[in-house]
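I have placed the structure first, in the form of structure tokens, so that the comments after it can refer back to it.
Values below: all heavy atoms of this structure, side chains included; hydrogens, waters and symmetry mates excluded. Remember, predicted model here, so these are calculated numbers, not experimental data. Each chain gets a letter, A, B and so on, in the order its sequence line appears, and its residues count up from 1.
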Amino acid sequence: MRILQLHCDSIEYTPTKKEIKLAEDIENPQTQRLEEVVVAFVAIEDGDDSSVAQNAISQIKNSMEKIGCKKLLLYPYAHLSSNLAKPSIAMTLLKDMENNASDLEVSHSPFGWTKSYKIQVKGHPLAESSKVVTKDSTDSKDEEEMTSEALKGESKIRSYWKIMSPDGAMKNIADFDFTNNKKLEILAKYESAKQRRVDEPPPHVALMKKMAIADYEPASDSGNMRFFPNGRLIKSLIERYVTDRVKEYGGYEVETPIMYDSEHPSMVSYFNRFPARQYNINSEGKKLFLRFAACFGQFLMANQFQMSYKNLPYKLYELTRYSFRREQSGELVGLRRLRAFTMPDCHAFCKDLDQAVDEIQVRFDLSQSVLNELGIDESDYEMAIRFTEDFYNENKSAIENLVKKHGKPVLVEMWKEKFFYFVLKWEFNFIDNLGKASALSTDQIDVENGDRYGIEFVDENNNMRHPVILHNSPSGAIERIIYVLLEKAAKDSKEGRKPQFPLWLAPTQVRVIPLKEEFYGFCEILTEKISTTNIRVDIDDRNESIGKRIREAEKEWIRYILVIGEKEANSENLSIRDRQTGNVRELPFDDFLKEINEQTKGKPFTGLNLPKYLSKRPQLMV
RNA sequence: GCCAAUGUAGCUCAGCCUGGCUAGAGCAUUCGCCUUGUAAGCGAAAGGUCGUGGGUUCAGAUCCCGCCAUUGGCUCCA
């Protein structure tokens, strides 16, 4: 017997004509409409008997209980099988099934009729499933539910939402005064009550195009972006910066494959703990999937390490370009939520929970500092922390210390019992202009995967043990950082301030505008000198009015504009138009370079990623 | 994935409701003029499978259906 089971908002069917001689007699073939119903499309196959029918109906009842639906429609549907039973047997078995489900509100659509129908299926993960029930398989496979273990786990888990203040005090969300913590309120409602409201596109989408940073690539899959030269420059600088910081912290950079064999023994158990939301590739009989995180690559590698407790904590790091998650199409938004994204991912293998708890403090500081240097400070994000009740009771002070570092009240989710593989997880959530929350930095304490991946070290007593693993992304996805910078710029703009990038990320830091052609030579020498001190400078040599060239430099958010005419050519000083003030200043050449280098100190540098002369530059966007 | 809105030149958009002339504008591009002092100098030319596939019609950018994409809401975000 084959069953396709759908949890529906509604179904409407109309019997149109008899298809077979044996068809059920119905007096008045009218349109029937049912709401809030589970529809089971059923094909009875050759060899099915009443035990199969009984088994099938008990499975259907089982899953209906899970989704909390009490109404069932049995819908004979021959097209599910090419090995159908005789109509007479089929009708009997269907009747059996209906009788066996009399504790539900059960009905069936007429057998042997051609029917037209209109159906509205619900969107939740358990709404659709298919079953095959045969005589020998008392325990049939419910494919959809197999892959949805994690989702089921999540809906079943009991958790409590609280707010923890920097002094360690916890209050229920309802009792907390959010007057001075509006963004935390948004996050709290967002997470706990799932309440969101927006009705306009996020401003960064227009900006990412206008600033020639990134755009959609129609020839790829949705959520896979193209990055223009300016965008690539910004992204590459952020990537380099995060990597430098993680290495400074003690992470060792590795590189692992982007695709894995889903049937490889080390993959199976991990893989099955997650909903099926990845890109799959079939190649030479292998079922490959594209990685959705760097975890397994690093775990498979660490599995081969000969580690001693003296080596721990040991940290592996990879900047994945890319990680892939095949998010539902309706969930994709600009640079905020993608299907292919660049993720720094640092795992620390710790000898025990105590070491993990110490190490997580260090990584918390790292994450905070990385975001800060990227131009995102504590006022831009809200922290959420989740842990099991047991872990909280045993590690109160460590948890309170994290909250204290954040310096603001924090959203807390406390689980009655562990689910997935971690006992603690914190994250920083950026709240954008439209009240949308997205996670940036995060860290987790993983107590399962050391075992699952067979990662081992030898402890003080010469015993083999599995490490506790921390999963940290100090910045979150790089694309998401760009999204945050653009959203912040949009907010500045809306509130009357000038939007800008941090100077070290600006595609052009200094624009030189020669007044007339006769100053080109002077500008060439000047820019040569400027660029030797690691400053990105270009020359607008187009035949346009001075006003227009200044306007366009302003629209590109270029911080410093140098107009070069008679005066400058014959002077020791430069006339510098500083976008931050809008005023023109006179400054000696060396002081000017020093001012810029001060601001970009300690950050990575790369040269212009476009022709130096604007006349040589194609127009990408307007 | 579900519901809704949107998709017209490289970009931003008008035209669609109420079908009918050669599908328009601004910016960008090219050419010419102008030779510039801190946020848009002037003129001309070129540029279009009207997202895509089907249907209705004498006639479709315009009406109907399917699909794709984007955005919003739902769901989701390991």
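Residue A:K516 has no polar side-chain atom (N or O) positioned under 4.0 Å from OP1 or OP2 of B:U35. Residue A:K548 places no side-chain N or O under 4.0 Å from the OP1 or OP2 atom of B:G37. Regarding contacts with the backbone of B:U36, every side-chain N or O of A:S545 stays at 4.0 angstrom or more from both OP1 and OP2.
Within 3.5 Å, a donor on the side chain of A:E568 pairs with an acceptor on the base of B:G37, or the reverse. Between the base of B:A39 and the side chain of A:R577 there is a donor-acceptor pair shorter than 3.5 Å. Scanning atom types as modelled, no donor and acceptor separated by under 3.5 angstrom connect the side chain of A:Q619 and the base of B:U29.
Within 4.0 Å (heavy atoms only), A:R549 reaches no atom of the nucleic acid at all. Note on A:G582: nothing from the nucleic acid sits closer than 4.0 angstrom, heavy atoms only.
The line from CZ of A:F592 to OH of A:Y560 is 6.5 Å long, rounded to the nearest 0.5 Å.
Residue A:Y216 and nucleotide B:A69 are not classified as a stacked aromatic pair, given the requirement of ring centres less than 5.5 Å apart at an interplanar angle below 30°.
Comparing atom distances between the A:R551 side chain and each of B:C76, B:A40, B:G1 picks out B:A40 as nearest.
For the pair A:R336 and A:E479, the salt-bridge criterion is not met [side-chain N within less than 4.0 Å of a carboxylate O].
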